[in-house]
Amino acid sequence: MSTPPYEELLSADQIRRRVSELGHEITDRYRSAESLVVVGILKGSFVFLADLIRQIDLTVEIELMSVMSYGEATKSSGHVRVLMDLQRDIQYQEVLIVEDIVDTGRTIAYLAASLRQRNPASLSVCTLLDKPSKREVEVTPEYIGFEIPDQFVVGYGLDHAQKHRNLPNIVVLDT
Ligand code: IMP
Ligand code: MG
């Protein structure tokens with residue numbers, strides 16, 4: 001996968017350094033909070049989530065939510081289906097959503113609105129990747145790992161038709 005036609009966009013080393021910075025930023029921001037509920041959005045965020053939480057020096061609780069926004073295509077259907085919801089109440093909790101990538105913004109806009117209805121003390125979004133040029137819904141994640149151009153990428157948890165999530169780096173998929 002690391003040889004052509006798959007061009008590397010972000011190396012494992014670049015990702016590791018940025019994830020560490022994000023972990024420190026988040027630690028500083030929530031320093032005074034009693035605890036932080038980190039909500040990983042499956043499946044795409046699982047690799048990022050695992051690395052990020054180990055760079056957060058706070059008492060965290062991990063929750064997982066599974067949503068489906070894309071079928072097998074590389075284009076957004078504009079549809080979000082919740083396959084698995086949180087297992088705990090988040091009322092009065094500090095909540096951080098962890099996403100792999102914000103593209104049109106539809107998935108995160110839907111999730112944020114849905115979680116906000118549950119009345120958390122605060123709600124922020126941390127995304128590893130952001131494709132601002134593709135935005136259809138106005139959303140600005142508080143924490144962004146990397147802004148990337150309008151290209152379809154896989155690796156480090158991100159897939160195309162469920163494949164390539166296990167790549168340690170992020171590469172541009174030649175479609
Ligand atoms: P949005 O709703 O258009 O913002 O799409 C967000 C979701 O689409 C992400 O959580 C990914 O699962 C998927 N997605 C968007 N762009 C890419 C990409 O370049 N590679 C892999 N998945 C992507
Ligand atoms: Mg995803």
Side-chain angles (χ1 to χ4, degrees), residues 1-12 14-16 18-19 22-23 26 37-53 62-86 90 95-118 123-175:
M1 277 300 295
S2 52
T3 50
Y6 303 104
E7 190 198 333
E8 183 177 78
L9 189 65
L10 298 165
S11 69
Q14 271 177 290
I15 298 168
R16 188 169 345 98
R18 186 66 188 125
V19 171
L22 287 171
I26 292 164
V37 180
V38 178
V39 178
I41 308 305
L42 297 177
K43 298 179 190 167
S45 79
F46 80 106
V47 177
F48 176 41
L49 178 74
D51 285 344
L52 180 67
I53 57 173
I62 311 303
E63 281 288 316
L64 299 169
M65 231 175 139
S66 177
V67 302
M68 225 168 71
S69 42
Y70 278 17
E72 304 272 290
T74 54
K75 275 219 198 105
S76 178
S77 64
H79 245 77
V80 180
R81 231 174 79 205
V82 176
L83 305 177
M84 185 180 85
D85 205 340
L86 304 181
I90 55 164
V95 177
L96 179 70
I97 300 177
V98 175
E99 248 295 28
D100 54 354
I101 183 165
V102 178
D103 187 27
T104 64
R106 291 188 184 283
T107 307
I108 206 66
Y110 172 87
L111 282 170
S114 151
L115 295 190
R116 217 167 265 128
Q117 282 183 351
R118 306 180 194 187
L123 184 69
S124 297
V125 174
C126 176
T127 186
L128 177 66
L129 305 176
D130 187 20
K131 274 191 212 172
S133 60
K134 290 283 292 295
R135 206 67 100 247
E136 292 171 16
V137 180
E138 210 191 295
V139 283
T140 311
E142 282 76 7
Y143 304 95
I144 297 169
F146 303 92
E147 262 191 25
I148 65 165
D150 178 17
Q151 286 173 312
F152 199 85
V153 294
V154 296
Y156 196 70
L158 289 104
D159 74 306
H160 176 246
Q162 302 303 327
K163 297 194 178 69
H164 315 308
R165 295 194 196 273
N166 57 319
L167 291 175
N169 56 349
I170 292 177
V171 305
V172 176
L173 191 70
D174 204 20
T175 48

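In listed order, ligands and their atoms are each counted from 1.
When the options R135, Q151, K131, E136 are ranked by their closest heavy atom to atom 16 (N) of ligand 1, first place goes to K131. Within the set V153, L173, V102, I41, the minimum heavy-atom distance to atom 20 (N) of ligand 1 is found for V153.
With sequence neighbours left out, D51 forms a side-chain hydrogen bond (donor to acceptor under 3.5 Å, both in side chains) with R54, Y156. Listed by chain and residue number, nothing satisfies the side-chain hydrogen bond (donor to acceptor under 3.5 Å, both in side chains) test with R116 (two or more places apart in sequence, or in another chain).
In this structure, Y6 and H164 have tilted ring planes: the angle between them lies in the 30° to 60° band.
Atoms of ligand 1 lying under 4.0 Å from at least one heavy atom of D100, given by number and element, are 9 (C), 10 (O), 11 (C), 12 (O). Less than 4.0 angstrom separates some heavy atom of G105 from each of these atoms of ligand 1: 1 (P), 3 (O), 4 (O). Ligand-side atoms of ligand 1 in range of T107: 1 (P), 2 (O), 5 (O), 6 (C), range being under 4.0 angstrom from any heavy atom. Under a 4.0 Å criterion applied to the non-hydrogen atoms of E99, ligand 1 contributes the atoms 10 (O).
Side chain to side chain, Q162 and K43 meet the donor-acceptor criterion of an N or O pair below 3.5 Å.
Not close to ligand 1: I148, with no non-hydrogen atom less than 4.0 angstrom away. The closest approach between any non-hydrogen atom of I108 and ligand 1 is not below 4.0 Å. Contact between V154 and ligand 1 is absent, with no heavy atom of the residue lying under 4.0 Å from the ligand.
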Between V82 and M65, is a side chain to side chain contact (heavy atoms under 4.5 Å, CB included) present by the stated rule, with each step listed?
CA-CA 8 Å; V82 176; M65 231 175 139; 4.3 Å; yes
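Residues V137 and A109 approach most closely at CG1-CB, 3.6 Å, considering heavy atoms.
If you look at D103 next to ligand 1, the close heavy atoms, those under 4.0 Å, come from the backbone and the side chain alike.
In this structure, R106 contributes its side chain and Y110 its backbone to no donor-acceptor pair below 3.5 Å.
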